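Below is one structure; the comments refer to it alone.
Everything quoted here is computed from the prediction, not taken from an experiment. Within every chain, numbering begins at 1; the chains are lettered A, B, ... in the order of the sequence lines, protein sequences first and strands thereafter. Just the heavy atoms: all of them, side chains too, but no hydrogens, waters or symmetry mates, feed the values below.
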Amino acid sequence: MSLKIYNTLTRKKEEFKPIQEGRVGIYVCGPTVYGHSHIGHAKSYVSFDVIVRYLRYLGYKVLYVQNITDVGHLTDDADQGEDKIQKQSRIEKLHPMEIAQKFTQSYFEDMDALGVQRPNICPTATGHIIEQIEIVKGLLEKGYAYEVNGSVYFDVSKFPEYGKLSGRSVEELIAGSRIEISPEKKHPADFALWKKAEPNHIMQWDSPWGKGFPGWHIECSAMSTKYLGQPFDIHGGGLENQFPHHECEIAQSEAFAGKPFVKYWIHNNMVTVNGQKMGKSLGNVINLKDAFKKYHPLVVRFFILQSHYRSTLDFSDEALEAAKKGLEKLHNTVKNIRSAMRGASGENVRIDFDGFKKKFLDAMDDDFNTPQAIAILFDLSKEVNSFLTENGATLEELKIANKLFDELGNQILGIIPENLETQSKSNIENELINLILDLRKEIRARKLWELSDKIRDELNKLGIAVEDKKDGVSWRIK
RNA sequence: GGCGCUGUACCCAAGUGGUAAGGGAGAGGUCUGCAAAACCUUUAUUCGGCGGUUCGAAUCCGCCCGGCGCCUCCA
């Protein structure tokens with residue numbers, strides 16, 4: 001089977017064929033850095049992380065670009081209100097660039113914790129003002145835009161294909177529009193390419209139209225095509241950005257360059273919290289830094305991947321607890337395999353590893369069906385464990401199982417760490433634990449169950465799982 | 001009002017024409033002094049409801065009922 005991707009542009013699953021053989025250019029809308037990242041960010045960037053990992057696994061040379069928006073988005077509607085970063089800078093009494101810097105760092109901290117591999121290029125909007133101005137200039141020259149009063153607007157009426165991504169028509173937009181019609185615009189659906197800055201606006205730049213700042217959509221057009229060319233393979237982002245953001249990107253870029261912008265559009269769905277939309281106005285936003293206090297980042301990652309990227313994901317404590325236990329189960333299997341390898345021998349292979357692998361890859365090929373892929377991992381886990389408990393697995397079987405878990409669970413999904421340690425890195429700690437368990441062995445021999453159970457409980461509290469088995473005691477770091 | 005998504009067991013969640021994955025929770029069992037881990041067995045004759053198409057539908061079509069998103073910054 002070959003990779004199929006659901007393309008929002010055509011609304012169906014299409015076979016993936018890169019524009020240039022063996023190479024993939026992908027651009028994903030990055031965060032606006034005016035606050036800490038939340039679980040919505042996690043869903044989006046974990047999903048795209050797996051997409052990129054999988055493309056690489058398939059052998060593509062992937063160039064992954066993700067912007068950092070450090071300017072230009074306004075708090076209210078399309079072309080009014082305050083710059084969000086400037087607003088935050090006022091609240092925190094910091095320079096806007098400090099705000100941007102602070103939350104960029106915070107963003108990467110969280111993503112690193114989630115095991116999200118860094119994009120190859122993370123361009124900032126403020127670092128690409130010149131490129132953005134160039135596009136605005138070009139659009140004016142070609143008659144796709146008009147200048148009013150130091151601001152420049154895109155003229156939607158000049159671009160008949162406007163709406164092709166989101167399936168809307170300009171007429172519909174007017175009919176249901178809640179936007180207050182800006183007196184500067186010729187048409188309510190027109191959008192800002194460049195905005196004139198008032199003197200109190202801190203982030204502003206010189207332009208052919210006077211001092212100002214870029215409109216919201218232009219940075220993505222400028223930075224994606226600068227590094228990936230036009231057209232490029234994949235543009236990703238959140239569903240909520242499909243309209244107007246991505247629609248406007250298409251209009252600008254295709255009008256400017258006179259050729260298609262993107263081949264495949266991928267949109268990931270949203271997070272709800274206890275069944276409700278998560279939003280700033282609802283006050284139910286869950287920051288990652290808070291979530292991580294309760295759940296290990298890998299649990300959050302696993303939880304996200306247990307549902308499909310195009311489905312909404314409902315975040316609840318109950319569901320997270322279940323995910324935690326599920327992931328533990330997989331980790332236990334891998335730990336069991338790794339410790340069993342030390343004492344195993346034999347070269348027989350009775351498990352159909354290729355079958356499991358094929359099923360896993362088939363699931364991934366089907367529009368990155370990670371829940372299905374994870375289910376296969378559980379099936380594999382059960383099979384291997386069953387051999388371990390009943391017949392004993394051969395060394396060769398354990399080696400292959402270990403490699404497969406690494407390849408599928410670690411390399412592709414990023415949910416099984418390479419260094420799943422069953423022992424402490426510190427030798428003295430290991431020796432001490434062994435010593436305690438040695439003493440406990442004597443206590444058990446004397447049938448002092450209360451005391452021996454206490455030792456086990458206390459060690460458990462310290463994060464050391466002690467398991468009494470038929471042929472002795474075993475322990476591991478949890 | 002317009003556009004779109006969605007409704008699968010107690011919870012989470014795959015499955016889009018061939019007879020219901022997986023995880024959690026529950027029940028029983030193996031092992032065990034106990035616990036844990038792991039394994040085995042079990043838990044939806046049924047996929048919001050009602051019609052229709054079909055040899056056959058959770059899957060396609062129609063209507064109805066619920067939930068959600070976008071149309072305003074949001075991943």
(request) Considering only atom C1', compute the distance from A21(B) to A37(B) and round it to an integer number of Å. (result) 24 Å
(message) Between G48(B) and U59(B), how far apart are the two P atoms, rounded to whole Å?
(response) 8 Å
(message) Going by purine N1 to pyrimidine N3 plus the second Watson-Crick contact, or the G-U wobble pair, all under 3.5 Å, which nucleotide sits opposite U72(B)?
(response) none
(request) Give a yes/no answer on whether the side chain of S37(A) brings an N or O atom under 4.0 Å of OP1 or OP2 in A75(B). (result) no
(message) Does S311(A) reach a base, just sugar-phosphate, or nothing at all? Heavy atoms under 4.0 Å.
(response) sugar-phosphate
(request) With a 3.5 angstrom cut-off on both distances, give the Watson-Crick or G-U wobble partner of A37(B), or none if there isn't one. (result) none
(message) Holding to side chain to side chain contact (heavy atoms under 4.5 Å, CB included), I want the full list of residues that pass it with K399(A), two or more places apart in sequence or in another chain.
(response) M341(A), L395(A), E396(A)
(message) From the set C73(B), C34(B), A14(B), return the single nucleotide nearest to any side-chain atom of W216(A).
(response) C73(B)
(request) Using the P atom as the reference point in each nucleotide, state the distance between G18(B) and A13(B) in Å, no decimals. (result) 24 Å
(message) Without decimals, in angstroms, what is the distance between I415(A) CD1 and G22(B) P?
(response) 17 Å
(message) Checking base pairs now: Watson-Crick or wobble, both atom distances under 3.5 Å. What partners C55(B)?
(response) G18(B)
(message) Go through it in stages, so that I can follow the logic: the residues are H267(A) and H246(A), the test is side chain to side chain donor-acceptor pair (under 3.5 Å), and I'd like the CA-CA distance, side-chain angles, deciding distance and then a yes or no.
(response) CA-CA 10 Å; H267(A) 288 96; H246(A) 295 151; 2.8 Å; yes
(message) Quick check, does F378(A) stack with G23(B)? I mean ring centres under 5.5 Å and planes off by under 30°.
(response) no
(request) Considering only atom P, compute the distance from C65(B) to A25(B) and round it to an integer number of Å. (result) 39 Å
(request) Using whole Å, report how far NE2 of H308(A) lies from C1' of C12(B). (result) 17 Å
(message) Regarding G40(A), tell me which of base, sugar-phosphate or nothing describes its non-hydrogen contacts under 4.0 Å with the strands shown.
(response) base
(request) Please determine, for C63(B), whether a Watson-Crick or G-U wobble partner exists with both distances under 3.5 Å, and give it or none. (result) G49(B)
(message) Output the rounded distance in Å from CZ (R456(A)) to P (G33(B)).
(response) 11 Å
(request) Using side-chain contact (heavy atoms from CB on, under 4.5 Å) as the criterion, point out the one residue from D406(A), L361(A), T370(A) that pairs with I412(A). (result) L361(A)
(message) Both K325(A) and L313(A) contact RNA chain B. Which one's nearest nucleotide lies toward the 5' end?
(response) L313(A)
(request) Could you list all the salt bridge (Lys or Arg N to Asp or Glu O under 4.0 Å) pairs where at least one residue sits in residues 282-292 of chain A, not counting sequence neighbours? (result) E109(A)-K289(A), D110(A)-K289(A), D290(A)-K293(A)
(message) By nearest atom, which of the nucleotides G22(B), A13(B), C74(B) is closest to the D314(A) side chain?
(response) A13(B)
(message) Between U8(B) and U41(B), how far apart are the two C1' atoms, rounded to whole Å?
(response) 24 Å
(request) Mind checking ring pair (Phe, Tyr, Trp, His ring centres under 6.0 Å) for Y34(A) and listing every partner two or more places apart, or none if nothing turns up? (result) none
(request) Would you jot down, in residue-number order, the residues of residues 368-375 of chain A having a non-hydrogen atom under 4.0 Å from RNA chain B? (result) N369(A), P371(A), Q372(A), A375(A)
(message) Tell me which one of H235(A), E219(A), Q66(A) satisfies side-chain contact (heavy atoms from CB on, under 4.5 Å) with C29(A).
(response) H235(A)
(message) Between D453(A) and G237(A), which residue's closest nucleotide on RNA chain B lies nearer the 5′ terminus?
(response) D453(A)
(message) Please report the distance, rounded to the nearest Å, between NZ in K164(A) and P in G4(B).
(response) 18 Å
(request) Return the value, rounded to whole Å, for the distance between atom CG of L320(A) and atom P of G24(B). (result) 15 Å
(request) Mind calculating the distance between NZ (K13(A)) and P (U16(B)) to the nearest angstrom? (result) 6 Å
(request) Any ring-ring contact (aromatic ring centres under 6.0 Å, His included) involving residues 300-327 of chain A? Give me the pairs, sequence neighbours left out, ordered by first then second residue. (result) F303(A)-F315(A)
(request) Apply side-chain hydrogen bond (donor to acceptor under 3.5 Å, both in side chains) to D49(A) and list each qualifying residue two or more places apart in sequence or on a separate chain. (result) R53(A), R301(A)
(message) List the residues meeting side chain to side chain contact (heavy atoms under 4.5 Å, CB included) with S224(A), not counting sequence neighbours, and say none if there are none.
(response) Y27(A), F232(A), F261(A)
(request) Pull out every residue in residues 110-118 of chain A that has a heavy atom closer than 4.0 Å to any atom of RNA chain B, ordered by number, or say none. (result) none
(request) Send over the distance from H38(A) NE2 to C73(B) P, rounded to a whole Å. (result) 15 Å
(message) The criterion is ring pair (Phe, Tyr, Trp, His ring centres under 6.0 Å); which residues satisfy it with F387(A), sequence neighbours excluded?
(response) none
(request) For A9(B) and G24(B), measure between their C1' atoms and round to the nearest Å. (result) 13 Å
(message) Can you check the distance between U42(B) and C47(B), where both ends of the measurement are the P atom (answer in whole Å)?
(response) 22 Å
(request) Please report, rounded to the nearest Å, how far the P atom of C5(B) is from the CZ atom of R11(A). (result) 7 Å
(request) Please identify each residue that fulfils side-chain hydrogen bond (donor to acceptor under 3.5 Å, both in side chains) with D468(A), with sequence neighbours left out. (result) R440(A), R444(A), R456(A)
(request) Report the residues that fulfil side chain to side chain contact (heavy atoms under 4.5 Å, CB included) with T104(A), sequence neighbours left out, ordered by chain and then residue number. (result) V33(A), I68(A), F108(A)
(request) Please state the C1' separation for the pair A20(B) and G29(B) - nearest whole angstrom. (result) 26 Å
(request) Mind listing the closest non-hydrogen atom pair of I266(A) and Y6(A) along with its distance? (result) CG1-O, 4.4 Å
(request) Grab the two heavy atoms, one from M278(A) and one from N284(A), that are nearest each other, plus how far apart they are. (result) CA-OD1, 3.3 Å
(request) Produce a footprint string for nucleotides 36-43 of chain B: one letter per nucleotide, 5' end first; B if the base is under 4.0 Å from any protein heavy atom, S if only the sugar-phosphate is, - if neither. (result) BSSSS---
